[in-house]
Amino acid sequence: VTLLIAFICVRSSPWTNYSAYTYFEVVTICDLIMILAFYLVHLFRFYRVLTCISWPLSELLHYLIGTLLLLIASIVAASKSYNWSGLVAGSIFGFLATFLCLASVWLSYKISCVTQST
């Protein structure tokens with residue numbers, strides 16, 4: 001939800017730097033689509049059918065790469081916001097989504113380590 005709010009805030013604001021905010025929009029939408037794809041994989045249990053893919057590893061790599069790109073996009077958006085309220089709000093929601101993705105990686109790793117050791 002925070003990625004969608006960040007995208008809407010930046011999309012509805014006037015831009016001063018086209019490339020920075022286009023990058024922010026692309027990263028937020030791609031990250032949102034990938035998170036929804038992994039959610040659907042877990043919801044419909046496609047991981048049982050597609051055993052050729054290491055789902056925990058692919059999810060970990062997605063979250064790490066997506067979080068890093070989202071952090072870079074949020075830093076760029078915050079530095080180029082020029083006190084436009086929508087752009088500042090979008091970058092704040094980008095930072096919040098970055099924190100939530102990091103928390104998700106940490107909790108997923110913690111849960112998978114606990115379940116493997118028992």
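The analysis underlying the following values was restricted to heavy atoms, covering all of them including side chains, and did not include hydrogens, waters or symmetry mates.
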If you measure from [atom1] on [X] to [atom2] on [Y], what distance do you get to the nearest 0.5 Å?
X	Y	atom1	atom2	answer
Y63	I35	OH	CD1	5.0 Å
L32	T2	CG	OG1	9.0 Å
Y18	Y23	OH	OH	15.5 Å
I65	C30	CD1	SG	13.0 Å
L3	I8	CG	CD1	11.0 Å
I29	I33	CD1	CD1	6.0 Å

If we only count heavy atoms from C-beta on, is the V10 to F93 side-chain gap below 4.5 Å?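 They are not in side-chain contact.
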Does any part of the side chain of Y82, heavy atoms only, come nearer than 4.5 Å to the side chain of K80, both counted from C-beta?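 Result yes, sub-4.5 Å side-chain heavy-atom pair found.
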Considering non-hydrogen atoms only, spot the tightest contact between [X] and [Y] and give its length.
X	Y	answer
S58	I53	OG-CG2, 4.2 Å
F24	A73	CD1-O, 3.5 Å
S13	G86	OG-CA, 3.1 Å
G94	S74	C-OG, 3.1 Å
G66	D31	O-OD2, 3.9 Å
A77	Y21	O-OH, 3.1 Å

Hey, is CH2 on W55 packed in by over 12 heavy atoms from elsewhere, all under 6.0 Å?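 Enclosed.
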Under a 4.5 Å side-chain heavy-atom rule over Ile, Leu, Val, Met, Phe, Trp and Tyr, are [X] and [Y] clustered together?
X	Y	value
L50	F38	yes
V41	V49	no
L107	L100	no
L36	L4	yes
V88	W84	no

For the residue pair Y47 and H42, does the interplanar ring angle fall in the parallel (under 30°), tilted (30 to 60°) or perpendicular (over 60°) class? tilted
Examine distances only and state if a side-chain atom of T67 and a backbone atom of L64 form a donor-acceptor pair shorter than 3.5 Å.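 Side chain of T67 to backbone of L64: no pair is present.
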I72 and side chain to side chain contact (heavy atoms under 4.5 Å, CB included): which partner among L68, I75, L70?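 Going through L68, I75, L70 one by one, the side chain to side chain contact (heavy atoms under 4.5 Å, CB included) with I72 is satisfied by L68 alone.
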